[in-house]
Number of protein chains: 2
Amino acid sequence: MVTIRDVAAKAGVSAATVSRIINGKGQATPETIARVHAVIKEMGYKPNVVARSLTSRQSNTIALLVPTISNPFFPELARGVEDSANSYGLNIFLCNTDDEREKVRNYLISLRDRYVDGVIVNSLNVTEEDLEELHSHGIPTVTLDRTFSSHKFSSIGVKHREGARLATSHLIDIGCKRIGIIRGPEDDSTAIQRLWGYRDCVKNFDWFDQSWIALGDFSVKSGYLCMKELFQRHPDIDGVYAANDLMAIGLLKAAHEWGRKVPDELAIVGFDGIDMTQYTNPPISTVKQPAYEMGRMAIEELLRLKKLDEHNWYAKKQELDVEFILRESSMR
Amino acid sequence: MVTIRDVAAKAGVSAATVSRIINGKGQATPETIARVHAVIKEMGYKPNVVARSLTSRQSNTIALLVPTISNPFFPELARGVEDSANSYGLNIFLCNTDDEREKVRNYLISLRDRYVDGVIVNSLNVTEEDLEELHSHGIPTVTLDRTFSSHKFSSIGVKHREGARLATSHLIDIGCKRIGIIRGPEDDSTAIQRLWGYRDCVKNFDWFDQSWIALGDFSVKSGYLCMKELFQRHPDIDGVYAANDLMAIGLLKAAHEWGRKVPDELAIVGFDGIDMTQYTNPPISTVKQPAYEMGRMAIEELLRLKKLDEHNWYAKKQELDVEFILRESSMR
DNA sequence: AATCCTTACGTAACCGTTTTCCAAAAGCGT
DNA sequence: ACGCTTTTGGAAAACGGTTACGTAAGGATT
């Protein structure tokens, strides 16, 4: 391996000079610069990133924490992050947390130890203290779909509640009289907002009560099981809003097994806008989140913070619009 | 940050001694060991992983290259790798290559520079020279579903051809008279093997010729488009084997739009065994690959190589069985 | 000509480990 | 008590960079 000292020797300068030239710091005569660059090229020198990390406490890497890559929404998000990061020459560390506190902790520690340059968090079980801790080490963060009251943390979210309202009111508009919801986990703030959006639209109907709410966990299977539950409780149900697309897909299967025609006897709307919803039978109406765009923005925000001095960090809270996509599952 | 020297000072020994004790190398009196450990605990000392990497040329990290995490098969595989890696205290670096040579190259270089301890490759566009290069830097590799003739590289694969035969012969068994295939990309060896398996079963029928083969790219959309193509070419088609599940899902939609009843007028079988196939309407028969298990085995193999001296590396080529799963899409 | 500023670059310390080599201490046999 | 081997642990040099500081040379200013 060729080191900076090898280059220095061959170019007849000191290692410090080579370092400065590489990093464009301090001055040097045009001749020296040219000579050093020539030698670098000739010897095929490449700075050792690990050694660099040791002194600079940076790693050219940013981390993305997601709850699971098994839900296609997250890969889409990850691509946004990755493409954008690559365009800046940054590597990304994709971390699957399964929303388990233990895994989150481990990742966070390991990431800090590796001097990651920033962390994008889209995962439950990350506390304000965790972010605080990263900040105290000079590591900026951006949360996705998680906001903390503190003004210190940047976040990017979408209008979940509004999206849920779009979905639910659409069901009402097409004539559904009894609308259920398959909600997401209780400790998930996005799930809660999506539930609220639904509530906003149905709370004044006299048929509405808690029993129209089924508790899912965002998996296909839970959508399937919850739908069966709803059928049992309310044979007269004629519309369902699933708080994410995977559950909507499971739900579709349950409807089929239960012998309900979609959309005529049961209208369905999902949430997320994953690709698969176009290909189900029938295709599922959904509220599309700009996943890719969110990923892109997260990187931008991280870089904005990086440029600032740690003490001047001021958080930005951004909220993106969602888009309702009408498909057969709710066309009457 | 507390360093090894801080610990040394407080314990009244040298940094070298602390290092030796931590790593269990060389000897020390039980008292010294106990004292050092006590101080480590008291001060909350944790070795700096970056500094460690610099000297040891290791990083406690292994990388996994996959073509895309958007195909649910790969997340499943990734989980196997990750869970297993975690149980050994290893971090994993998940790399999305999109099967682009450029990205593969960049990742490989970046990974080598970061002293990854091993690389698991399940991606096209990785050449024998790439692996050779990693080996020359002491980095062991395991390929997944890619085998090179050289005996130097360990690999884990599944019996694609056999799986394709299972699928195709099943279609024949249930009475299909005209069976098409939606194959995968031409440069993908697994796609080729799966095609062969199909050919093995149909080549002797007099109806068979090239026109029963449609060229897909393993995406849902391509399954959809290819099926339309097949319908146009062969209105009498009554069975299709899709070389992966995503394409089978796309195909299902095409069948529906074309007004063909599945399975009665068109029987369908996929490949991979992704979860989603259980939830389509109808559920899709498939050939299940032990994705999780493959991931697990890849780590095991990597660790086996790590323990050996680089010069003693002898490759193992393992091939796992697939399992045919019968579902409604091909039940008559 | 003396003074001061700038520029260009070298020296050496540093980042936090590991590891090689070596010396002191301890154990052992006689 | 004396050599001889084995333990135990320290000093210092790696690993491959960055950077604070210093200095010599050259130019401008008075």
Side-chain angles (χ1 to χ4, degrees), chain A residues 1-40 43-61 109-110 112-117 137-139, chain B residues 1-40 43-61 109-110 112-117 137-139:
Chain A
M1 168 175 258
V2 27
T3 74
I4 199 170
R5 290 181 226 272
D6 298 335
V7 173
K10 192 149 190 175
V13 295
S14 75
T17 302
V18 177
S19 174
R20 276 187 296 250
I21 289 176
I22 289 174
N23 299 297
K25 296 187 177 167
Q27 339 344 272
T29 43
E31 297 91 79
T32 318
I33 296 181
R35 188 151 36 91
V36 167
H37 276 131
V39 174
I40 286 177
M43 304 183 79
Y45 168 71
K46 267 189 52 185
N48 179 310
V49 293
V50 176
R52 266 193 170 165
S53 285
L54 187 58
T55 48
S56 67
R57 289 163 181 275
Q58 307 246 329
S59 62
N60 243 296
T61 303
I109 291 172
S110 162
R112 164 164 62 58
D113 287 354
R114 281 160 204 271
Y115 300 137
V116 286
D117 298 349
H137 283 266
I139 302 174
Chain B
M1 168 173 257
V2 26
T3 73
I4 199 169
R5 288 183 229 274
D6 299 335
V7 174
K10 191 149 191 175
V13 295
S14 76
T17 303
V18 178
S19 173
R20 275 186 296 249
I21 289 177
I22 289 175
N23 299 297
K25 298 189 176 166
Q27 25 282 311
T29 43
E31 298 90 80
T32 320
I33 295 182
R35 186 150 38 91
V36 167
H37 276 129
V39 174
I40 286 177
M43 306 183 78
Y45 168 71
K46 269 189 52 186
N48 178 310
V49 294
V50 176
R52 263 193 171 167
S53 285
L54 187 57
T55 48
S56 68
R57 289 163 182 277
Q58 308 247 327
S59 63
N60 243 294
T61 303
I109 291 172
S110 164
R112 164 163 61 58
D113 287 354
R114 282 159 203 273
Y115 299 138
V116 287
D117 298 348
H137 283 265
I139 303 173

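Per chain, numbering begins at 1; letters A, B, ... match sequence-line order. Just so you know, these numbers come straight off a predicted model, no measurement behind them.
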Provide, to the nearest angstrom, the distance between the [atom1] atom belonging to [X] and the [atom2] atom belonging to [N].
| X | N | atom1 | atom2 | answer |
| --- | --- | --- | --- | --- |
| A/Q58 | D/dT19 | CD | P | 10 Å |
| A/I21 | D/dT18 | CD1 | C1' | 14 Å |
| A/R20 | D/dA20 | CZ | C1' | 10 Å |
| B/R35 | D/dT8 | CZ | C1' | 12 Å |
| B/I4 | D/dA14 | CD1 | C1' | 15 Å |

Which heavy-atom pair separates A/Y45 from A/T3 by the least distance, and what is that distance?
CE1-C, 3.6 Å
Determine the minimum heavy-atom distance between B/I139 and B/D117, stating which atoms define it.
CG2-C, 4.3 Å
Sugar-phosphate, base or nothing in reach of [X], heavy atoms under 4.0 Å:
| X | value |
| --- | --- |
| B/S19 | base |
| A/R57 | sugar-phosphate |
| A/S53 | nothing |
| A/T32 | sugar-phosphate |
| B/Y45 | sugar-phosphate |
| A/A16 | base |

Any side-chain heavy-atom pair from [X] and [Y] closer than 4.5 angstrom?
| X | Y | value |
| --- | --- | --- |
| A/I109 | B/K46 | yes |
| B/M43 | B/D6 | yes |
| B/V50 | A/D113 | no |

Does A/R5 use its side chain to pair, donor to acceptor, with the backbone of A/A15 at less than 3.5 Å?
no
Would you say the side-chain atoms of B/S59 pair up with the backbone N or O of B/Y115, donor to acceptor, closer than 3.5 Å?
yes
Could you say whether B/Y115 or B/S14 is positioned toward the 5' end of DNA chain D, judged by the nucleotide with the nearest heavy atom to each?
B/S14
DNA chain D: 5'-proximal contact among B/T17 and A/K25 (nearest heavy atom):
B/T17
Taking for each residue the nucleotide of DNA chain C with the nearest heavy atom, is it B/I22 or A/A51 whose nucleotide lies nearer the 5' end?
A/A51
Candidate nucleotides D/dT8, D/dG17, D/dC15, ranked by approach to the side chain of B/L54 - the nearest
D/dC15
Starting the side chain at C-beta, find the nucleotide from D/dT7, D/dG17, D/dC15 nearest to A/P47.
D/dG17
Which is the 5'-most and which the 3'-most nucleotide of DNA chain C that has an atom under 4.0 Å from a heavy atom of chain B?
C/dG16 to C/dT20
What I want to check is whether an N or O donor and acceptor connect the side chain of A/R5 with the base of D/dG17 at under 3.5 Å.
yes
